[in-house]
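All remarks here apply to the structure that follows.
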Amino acid sequence: MHRWSKLFIPTLREAPADAEVASHKFLIRAGYIRQLGAGIYNYLFLGQRSLNKIIAIVREEMDKIGQEFYLPAILPKEPWAESGRWTTMGDNMFRLKDRKGADLCLGMTHEEVMTTIARGELRSYKQLPQIWYQIQTKFRDEPRPKAGLLRVRQFIMKDAYSFDINEAGLDESFNRHDVAYRTIFTRCGLKFVAVEADSGAMGGSQSQEFMVYTDAGEDLIASCPVCGYAANLEKATSRLDPVEEIEPTSDGNPELVHTPGCAAIADVAAFFKISPASDIKCVAYMAERGFTGEGHEIWLPVAAFLRGDHQVNETKLLGLLGASQVRPMHLEELEKYFHGPAGYLGPVGLKPKQVTNPGSSPPAFSETGELVVVIDRSLEGRKNMVCGANKLDYHQRNVTPGRDFTWTLIADIRSVNEGENCPKDGCAGKLVVGTAVEVGHIFKLGDKYTQSMGARVLDENGKEVAPIMGCYGIGIERILTAAIEQSNDANGFWLPVSIAPFSVVITITNSADTALRAAGEKLAADLESAGLDVLLDDRDERAGVKFKDADLVGIPYRINVGKKVAAGQVELVTRATSTSEDVALSEVAELVKKRVQEELLLEASF
RNA sequence: CGGGACGUGGCUCAGCCUGGUAGAGCACUCGCUUGGGGUGCGAGGGGUCGGCAGUUCAAAUCUGCCCGUCCCGACCA
């Protein structure tokens, strides 16, 4: 029996000043967590209890498709050196040395270690497929931890890895995770959406994120309310309405125009009395692509051109270039590659590098040419546009892509905007953009790790092949955080029964009244023997204090044992709706049990 | 890593500009009181004012350096 009077549930009347989002404030006020350092938290009794319930659900569903391992959190350098990520992971990896001076790191993900196991043990296609998972603490030295448990430096992750002999097998493993994840998030009571996602610079053919819409989220999701299309903004596309071209002037050929002080898109549009959609904007980057033999970064100059009213999507650009990062060009670099100043950059007269391995990814570029010129698809077929002239205070008009300038690559490198047309054929929907929290991610890795680390099995023809992998993650704390974000009010929050630390709290309104105490004790025992997690609030506090605490800490049901007990009645309060109903003391245990079971069934009935 | 803010008892904050006894509310302890939405009264305990150095007769207060935390951006699951 859990008696509140004996437990450590340090509730706070006020939230710490540095808590911004609801989940952060309430996790602390409700005594779930306490901060130890930036992005480092102690999980107290209620918090740990809730996380344990989440973990139990994850484990139950994962056991249906895979096998649970437990890998170390402290890892030697070698596997990371083999995959190349010892270098490329950069500062996000916590690194340390042992007493002998050997390099170690704290695990931020476990592809390498899992691949080490596969390499050592798997020999035949007959041993495939394999799905291995673990529930483990991960460490990532986030540049900016924030929002309580939303972005932290130590967190619990369920990570799974699949090994298959071929693409069809990977499809199957991927789909099984898709189903498992949907079941897990549904059972946890989350209103989630599965979206197409970017698979990152490491490649991979398919990538899907599980998102919960909330203002506290850091990801932007574009979705179509008509057909259900949903994608991370890093990946989302749209169909653009055709742009009405402006009429050419004079002979229709590019013409230099003096445009003093027009360094911004808005200035240019106003000067020429055109829509920004008829202006070509230039964003100049230096992109990092790998390392030289000596370990120096290789930087590539890149000019990205797109419509004046569009924004560069750097994730798309990175993927296109096979680059690990981009940064804006410095002034002297602009001068070197464009021979012109910022605000007046344009594509005419540039010397683009050429792709030397067409059709391959990532692209390789010729030595000839000065920079990689990338233009967005939306410029294809356009004409008579305005762009910078690579000369201070001058623009050009009558510029037509293809006729007046060429490029290295043409691709979708822009971010969609709310209100643009859904990209699905025949769909008339308009995209909406919302913020969301990522609670899970599944994606097809391919053979990057098995290839580079030398994992090989024999296929049915006796030929050596590298198994292809999928990897699949769930952020345990983020499930709790997202659940709080989606269900809170001024007084606190309420969790789904499946992940709440307790299903029901029994509030003895006056602990000094021995009859009430006895009734509460008996009711708690009854509910407990009915299989429910019960918290008995037997503290010597005023009723108001107990009500406030009960509303705060996330427990979905409350039974008030008070003066109506004399008439054989108690009150059953449903936290989510703040509704109260009088129920016979003799029947309330059965009723609550029924409600709880119904809710669990509903959550499990996906 | 760039920009900004902050650091005073467990929490929320005042005091700092203009240097001179360290404060309030909440929380905590004890007593009484009250007993259905954070009761009321009284008496208490608790703070190297983030750290170090400097200026000064004297520093929470002024100066410098460092550390830490939060927010925006960059980055990232």
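The chains referred to below are lettered A, B, ... by the order of the sequence lines, with proteins before strands, and numbering in each begins at 1. Remember, it's a predicted structure, so these values are computed and weren't measured experimentally.
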Between the protein and nucleotides 67-69 of chain B, which nitrogen or oxygen pairs come in under 3.5 angstrom?
{"unit_1": "B/U69", "atom_1": "OP1", "unit_2": "A/Ala38", "atom_2": "N", "d": "2.7"}
{"unit_1": "B/U69", "atom_1": "O3'", "unit_2": "A/Gln35", "atom_2": "NE2", "d": "3.3"}
{"unit_1": "B/U69", "atom_1": "O2'", "unit_2": "A/Asp18", "atom_2": "OD2", "d": "3.2"}

For nucleotides 26-28 of chain B, give me every protein contact, N/O to N/O, under 3.5 Å, one pair per line with atom names.
{"unit_1": "B/C26", "atom_1": "O3'", "unit_2": "A/Arg13", "atom_2": "NH2", "d": "3.4"}
{"unit_1": "B/C26", "atom_1": "O2'", "unit_2": "A/Arg13", "atom_2": "NE", "d": "3.4"}
{"unit_1": "B/A27", "atom_1": "OP1", "unit_2": "A/Arg13", "atom_2": "NH2", "d": "3.2"}

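Of the nucleotides present, B/G40 is the one that pairs with B/C32 by Watson-Crick or G-U wobble criteria, both distances under 3.5 Å. Remark: B/U56 base-pairs with no nucleotide in the shown strands. Criterion, Watson-Crick or G-U wobble with two distances under 3.5 Å. With a cut-off of 3.5 Å on both Watson-Crick or G-U wobble distances, the partner of B/G7 is given as B/C67. B/C76: no Watson-Crick or G-U partner with both key distances under 3.5 Å is found in any strand. In a base pair of the Watson-Crick type (N1 to N3 plus N6-O4 or O6-N4) or a G-U wobble (N1-O2 and O6-N3), with each distance short of 3.5 Å, B/C13 is matched with B/G23.
For B/G20 and B/G15, the C1' atoms lie 14 Å apart once the distance is rounded to whole Å. Taking atom C1' in both B/G64 and B/U56, one finds a spacing of 16 Å when rounded to whole Å. A distance of about 31 Å separates the P atoms of B/G40 and B/U48, rounded to the whole Å. Annotation: B/A22 and B/G31 have their P atoms spaced 32 Å apart (nearest Å). Remark: the separation of the C1' atoms in B/G68 and B/C26 is 26 Å, to the nearest Å. Comparing the same atom, P, in B/G36 and in B/G42 gives a spacing of 23 Å after rounding to whole Å. Rounded to whole Å, the P atom of B/C65 lies 16 Å from the corresponding atom of B/U61. For the P atom pair drawn from B/U21 and B/A58, the interatomic distance equals 14 Å after rounding to whole Å.
The nearest pair of heavy atoms linking A/Lys158 to A/Tyr472 is NZ-O, 3.2 Å.
A/Phe502 and A/His2 have their aromatic ring centers within a separation under 6.0 angstrom. Aromatic pair A/Tyr449/A/Phe163: centroids not less than 6.0 angstrom apart.
We find that CD of A/Glu20 is positioned 18 Å from P of B/G4, with the value rounded to whole Å. The CG-P distance, from A/Asn232 to B/A77, rounds to 11 Å in whole Å. Spacing between atom CZ of A/Arg151 and atom P of B/A77 amounts to 9 Å, rounded to whole angstrom units. Between the C1' atom of B/A74 and the CD atom of A/Glu218 lies a distance of 13 Å, rounded to the nearest Å. The CD1 atom of A/Ile28 sits 13 Å away from the C1' atom of B/G10 (whole-angstrom rounding). The CG-P distance, from A/Asp141 to B/C1, rounds to 11 Å in whole Å.
With sequence neighbours excluded, the residues forming a ring pair (Phe, Tyr, Trp, His ring centres under 6.0 Å) with A/Phe210 are A/Tyr181, A/Phe185, listed by chain and number. In this view, A/Phe174 satisfies the ring pair (Phe, Tyr, Trp, His ring centres under 6.0 Å) rule with no residue, not counting sequence neighbours.
Contacts of A/Gly473 with the nucleic acid, taken as non-hydrogen atoms under 4.0 Å apart, are absent. At the heavy-atom level, A/Lys563 lies under 4.0 Å from base atoms of the strands shown. Note on A/Pro143: a base of the nucleic acid sits closer than 4.0 angstrom, heavy atoms only. At a threshold of 4.0 angstrom between heavy atoms, the contacts of A/Asn560 include nucleobase atoms, whether or not backbone atoms are also involved. Across all strands, A/Arg29 comes closer than 4.0 Å to base atoms (heavy-atom distances). Across all strands, A/Val152 comes closer than 4.0 Å to base atoms (heavy-atom distances). Contact annotation for A/Ala550: no contact, since no heavy-atom pair falls under 4.0 Å across all strands. A/Glu234 comes within 4.0 angstrom of no nucleic acid atom, judged by non-hydrogen atoms across all strands.
In this model, a donor atom of one side chain and an acceptor atom of the other lie less than 3.5 Å apart for A/Tyr133 and A/Glu68.
Nearest-nucleotide positions on RNA chain B place A/Ala15 closer to the 5' end than the other of A/Ala15 and A/Leu12. Annotation: of the two residues near RNA chain B, A/Asn491 and A/Asn92, the 5′-most nearest-nucleotide partner is A/Asn491.
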Could you give me the CA-CA distance, side-chain angles and deciding distance for A/Arg517 and A/Asp513, then say whether salt bridge (charged side-chain N to carboxylate O under 4.0 Å, His left out) is met?
-> CA-CA 6 Å; A/Arg517 255 198 119 91; A/Asp513 184 326; over 6 Å; no
Could you walk me through whether A/Glu218 and A/Lys146 pass the salt bridge (charged side-chain N to carboxylate O under 4.0 Å, His left out) check?
-> CA-CA 10 Å; A/Glu218 300 180 284; A/Lys146 60 183 281 200; 3.5 Å; yes
A/Lys546 and A/Asp551: CA distance, side-chain angles, deciding distance, salt bridge (charged side-chain N to carboxylate O under 4.0 Å, His left out) verdict | CA-CA 9 Å; A/Lys546 298 189 186 187; A/Asp551 284 348; over 6 Å; no
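For RNA chain B, the neighbouring residues in residues 505-522 of chain A, judged by any heavy atom under 4.0 Å, are A/Thr509, A/Asn510.
At B/C71, one or more side-chain N or O atoms of A/Arg144 fall inside 4.0 Å of OP1 or OP2 (strictly under the cut-off).
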Could you list the donor-acceptor pairs under 3.5 angstrom formed between side-chain atoms of residues 17-26 of chain A and any protein atom two or more places apart in sequence or on another chain?
{"unit_1": "A/Ser23", "atom_1": "OG", "unit_2": "A/Glu485", "atom_2": "OE2", "d": "2.7"}
{"unit_1": "A/His24", "atom_1": "ND1", "unit_2": "A/Gly148", "atom_2": "N", "d": "3.4"}
{"unit_1": "A/His24", "atom_1": "NE2", "unit_2": "A/Tyr41", "atom_2": "OH", "d": "3.4"}

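Looking at A/Arg558, its side chain has no donor and acceptor atom pair within 3.5 Å of the base of B/G36. Side-chain to base pairing of A/Asp540 with B/G35: one donor and one acceptor N or O lie within less than 3.5 Å of each other. In this model, no side-chain donor or acceptor of A/Arg140 finds a partner on the base of B/C76 within 3.5 Å.
Taking the ring axis of A/Trp80 as reference, the NZ or CZ atom of A/Arg95 does not stay both within 45° of it and closer than 6.0 Å to the ring centre.
Of the candidates B/G36, B/G38, B/C11, B/C11 carries the atom nearest the A/Pro16 side chain, counting heavy atoms from C-beta on. Listed nucleotides B/C72, B/G37, B/U34 differ in distance to A/Lys146; the shortest reach to its side chain belongs to B/C72.
The only option from A/Thr509, A/Thr507, A/Asn560 that meets the side chain to side chain donor-acceptor pair (under 3.5 Å) definition with A/Glu571 turns out to be A/Asn560. Of the options A/Arg542, A/Arg539, A/Arg558, a salt bridge (Lys or Arg N to Asp or Glu O under 4.0 Å) to A/Asp549 is made by A/Arg539 and by none of the others.
Ion pair A/Arg153/A/Glu142 not flagged as a salt bridge, since none of the NZ, NE, NH1 or NH2 atoms sits closer than 4.0 Å to an Asp/Glu carboxylate oxygen. The pair A/Arg3-A/Glu521 counts as a salt bridge, with a side-chain nitrogen and a carboxylate oxygen less than 4.0 angstrom apart.
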